[in-house]
There are 2 protein chains.
Amino acid sequence: MAESKKTRRSSGRKATVIDVAKVAGVSKSTVSLVLRGNAGVKAETIEKVNQAIRELGYIYNRDAAGLRSRESNLVAIVANDLANPYLAQVIIALEGQLERLGFMPIVVNINESVTRQTDMVASLKEHNVAGYFITPAPDTDANWLTELANSQHPVVCLMRDVEGALVPTVMPDNRLGMYLSTRYLIGLGHERIAFIGGIASISDYQERKEGFLQAMNEAGLVVKPSDIEPSSTKRQGGKIALNRVLDRAPEITAIVCFTDVVAYGAYTALSERGLTPGKDIAVVGFDDLEDSRLMSPALTTVRVSAEDIGQMACERLQQWRENLTVPESALVGVELVVRSSCCSVGKKARGLA
Amino acid sequence: MAESKKTRRSSGRKATVIDVAKVAGVSKSTVSLVLRGNAGVKAETIEKVNQAIRELGYIYNRDAAGLRSRESNLVAIVANDLANPYLAQVIIALEGQLERLGFMPIVVNINESVTRQTDMVASLKEHNVAGYFITPAPDTDANWLTELANSQHPVVCLMRDVEGALVPTVMPDNRLGMYLSTRYLIGLGHERIAFIGGIASISDYQERKEGFLQAMNEAGLVVKPSDIEPSSTKRQGGKIALNRVLDRAPEITAIVCFTDVVAYGAYTALSERGLTPGKDIAVVGFDDLEDSRLMSPALTTVRVSAEDIGQMACERLQQWRENLTVPESALVGVELVVRSSCCSVGKKARGLA
DNA sequence: CTGAAAGCGCTTACAG
DNA sequence: CTGAAAGCGCTTACAG
């Protein structure tokens with residue numbers, strides 16, 4: 001039995017729909033209906049077909065199916081940086097959603113390079129993917145993105161907005177998140193607060209900075225331009241930025257970090273300066289990575305649910321496919337998670353002591 | 001001009017090879033030869049064809065091409081855990097290599113689940129990918145893997161070995177790496193050394209443990225079973241494992257960690273215990289992640305070049321495709337990177353003091 | 001619910 | 001180097 005199966009399988013070419021039809025004793029069309037899960041085929045027939053498929057080791061040929069039907073089950077997740085742990089979480093959330101909808105998610109990494117982004121997307125077009133999720137590379141051309149959406153399939157931007165592009169974006173409420181964390185620090189009595197990390201050419205940086213500035217302005221606190229220090233979003237960037245800012249102004253008592261990873265870098269730099277976060281200086285992050293509650297002290301940060309981002313992004317893809325109408329952008333809610341990395345200061349601290 | 005282009009593009013169906021042939025004034029066959037980069041077409045003709053392609057906004061249909069030629073430019077990277085930063089580095093290295101070879105790398109995340117692995121690979125088969133790189137999920141069936149390699153396209157395992165599977169594996173010399181780091185600790189005078197982190201059902205865990213035990217045995221040091229504490233490979237796992245091991249035996253003076261991430265968790269736990277790595281206790285990791293030199297103290301660890309893994313894995317894929325012969329497995333070299341997380345102890349420390 | 005026929009857009013011999 | 005023809009393995013109307 002096992003022997004005969006093996007023989008049949010390895011004998012000659014791969015099985016096709018025709019072979020399956022023969023073995024099942026039905027027509028090609030019927031096999032196709034079963035393969036596509038079409039309603040209205042007798043249960044008994046379905047069973048016969050599936051039996052034949054197993055027997056022959058038949059493998060569905062999606063190249064042929066896609067050529068004829070012009071449809072594809074592939075959805076591309078075009079990721080700007082696979083080494084970014086928050087993005088990894090978003091990808092995982094997206095994958096879960098997409099599979100439930102019957103899509104095959106494939107991720108393509110562009111490493112923050114517009115050139116790679118252009119090349120990879122061109123290849124994906126040739127493969128006729130059903131839709132795109134994309135965290136656009138810095139300096140992505142708005143027209144390029146709009147054309148992708150027009151001429152091809154649904155496109156949803158994640159995490160970053162490309163100004164002028166007619167494409168829905170799903171991203172955290174960056175402004176609100178930073179506003180909340182900054183207000184929290186102000187409430188603890190901090191008056192000289194620095195903002196470190198992030199690359200100025202990306203939309204989320206601008207939004208987070210605005211949230212920070214808004215909170216400061218509302219409290220009547222001035223922000224010196226030199227207290228804002230952009231940097232790479234890697235750990236190393238946080239370390240460098242923190243040192244720059246504290247070298248210039250040791251009187252700073254609180255640090256707002258562009259992301260948790262930047263905050264981790266700040267932790268390192270502080271420790272090398274003999275300063276303890278949560279005691280000598282306050283630090284807040286953004287993202288609430290899994291690791292952040294394991295830092296010591298545990299990092300106070302802004303939580304953005306990767307699950308929510310994945311879900312809202314998928315909803316938009318579906319809406320686009322079904323109604324053929326371009327969905328609205330969406331802001332995902334944020335939440336301040338208070339842990340142990342912030343101390344009180346000044347009158348506030350004395351008052352509490 | 002811009003106007004006429006637009007009109008042409010949006011008028012009706014997508015351009016095909018036939019349209020390109022008409023505009024270029026050549027035959028379908030010639031267009032195909034140009035598309036496939038076939039040698040032996042006049043430069044002038046190539047230019048005419050490319051001009052027509054641009055003019056029409058022609059998009060190559062890989063479903064049709066794949067159906068006819070049975071070839072594909074897709075190579076799948078089946079990743080067990082996208083949240084693992086070391087794996088992210090390996091993926092990035094692999095992508096670089098694959099693109100130079102003209103492949104389109106797509107990554108598929110299986111989240112350490114055999115079920116997802118089976119499902120995703122089944123889908124990839126339907127898409128007729130040209131080859132597979134795979135970091136097998138725990139409890140992967142050796143026969144399943146062998147069959148994948150037999151019946152389909154080249155398969156190269158990364159990082160983990162599946163015992164009994166007839167598939168080449170490219171992974172670090174785990175045994176040597178741990179042997180080196182343990183010897184180093186022994187050289188610093190440590191006698192009671194714990195090994196923490198890692199999941200026992202995966203090959204790299206066994207190999208790293210063996211390297212550790214070998215060094216201990218050679219030095220005539222006994223290892224209590226309770227000084228070996230497996231755990232998840234996440235940061236949280238390292239934290240828990242460290243606490244378990246030190247709760248049982250506070251006299252332990254050095255910790256060998258399964259990975260750098262586990263070591264990060266150990267750092268957290270130590271700090272909460274009021275212990276400083278590199279002063280009160282020695283810690284070594286494995287992987288040499290980018291972050292490890294930024295920890296404070298900077299982590300002593302075993303470096304494995306992700307670039308080398310990517311390169312050797314690609315070589316094997318190519319060899320398989322070209323010679324139709326299954327390549328040998330390969331061990332990638334390792335290197336001990338001494339930084340500041342290890343202290344001397346006992347006679348050794350006193351001698352130096 | 002089933003069958004025979006056409007066709008998706010390429011590539012592949014093969015003849016010129 | 002080019003052209004006419006066949007065919008890859010499906011899905012899609014359409015007739016029964």
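The sequence lines fix the lettering, A, B, ..., with proteins before strands; numbering per chain opens at 1.
The distance between atom CZ of A:Arg68 and atom C1' of D:dC8, rounded to the nearest whole Å, is 14 Å. For A:Lys28 and D:dG9, the NZ to C1' distance is 7 Å, given to the nearest whole Å. Here the C1' atom of nucleotide C:dT2 and the CG atom of A:Asn38 are 13 Å apart, to the nearest Å. C:dT12 atom C1' lies 12 Å from atom CD of B:Glu71, rounded to whole Å. In this structure, the CG atom of A:Asp19 is 9 Å from the P atom of D:dC10, given to the nearest Å. Rounded to whole angstrom, the span from the CG atom of B:Leu67 across to the C1' atom of D:dA6 amounts to 13 Å. In this structure, B:Leu56 places its CG atom 15 Å from C1' of C:dG9, rounding to the nearest Å. The CG-P distance, from A:Leu35 to D:dT11, rounds to 6 Å in whole Å.
Both A:Asn61 and B:Leu33 sit near DNA chain D, but only B:Leu33 has its closest nucleotide nearer the 5' end. Between A:Ser69 and B:Gly25, the residue anchored closer to the 5' end of DNA chain D is B:Gly25, taking for each the nucleotide with the nearest heavy atom.
In this structure the side chain of A:Cys314 reaches within 4.5 angstrom of the side chain of A:Leu98, judged on heavy atoms. At a threshold of 4.5 Å between non-hydrogen side-chain atoms, the residues B:Pro138 and B:Glu112 count as touching.
Applying the 3.5 Å distance criterion, the base of C:dA4 shares no donor-acceptor pair with the side chain of A:Ser27.
Distances shown here put every side-chain N or O of B:Ser32 at or beyond 4.0 Å from the OP1 or OP2 atom of C:dC10. Taking 4.0 angstrom as the limit, A:Thr45 places a side-chain polar atom (N or O) nearer than this to OP1 or OP2 of C:dT2. The side chain of B:Arg36 contributes an N or O atom lying less than 4.0 Å from OP1 or OP2 of C:dT12.
The residue B:Ser29 sits close to a base: some heavy atom pair falls under 4.0 Å.
Using a 4.0 Å cut-off between charged side-chain N and carboxylate O, B:Lys14 and A:Glu126 make no salt bridge. We find that B:Arg36 and B:Glu71 are joined by a salt bridge, their nearest charged nitrogen and carboxylate oxygen being less than 4.0 Å apart. Ionic pairing of A:Glu99 and B:Arg116 is present here: one or more N-O contacts between side-chain nitrogen and carboxylate oxygen are shorter than 4.0 angstrom.
Of the candidates C:dC1, C:dC10, D:dT2, the closest approach to any side-chain atom of B:Thr30 belongs to D:dT2. In this structure, of D:dG9, D:dC1, C:dC10, it is D:dC1 that holds the atom nearest to the side chain of B:Lys42.
Across the strands present, C:dA13 finds no partner; the criterion is a Watson-Crick or G-U wobble pair with both atom distances under 3.5 angstrom. Applying the Watson-Crick and G-U wobble criteria (two distances, each under 3.5 Å), D:dA4 pairs with nothing in any strand.
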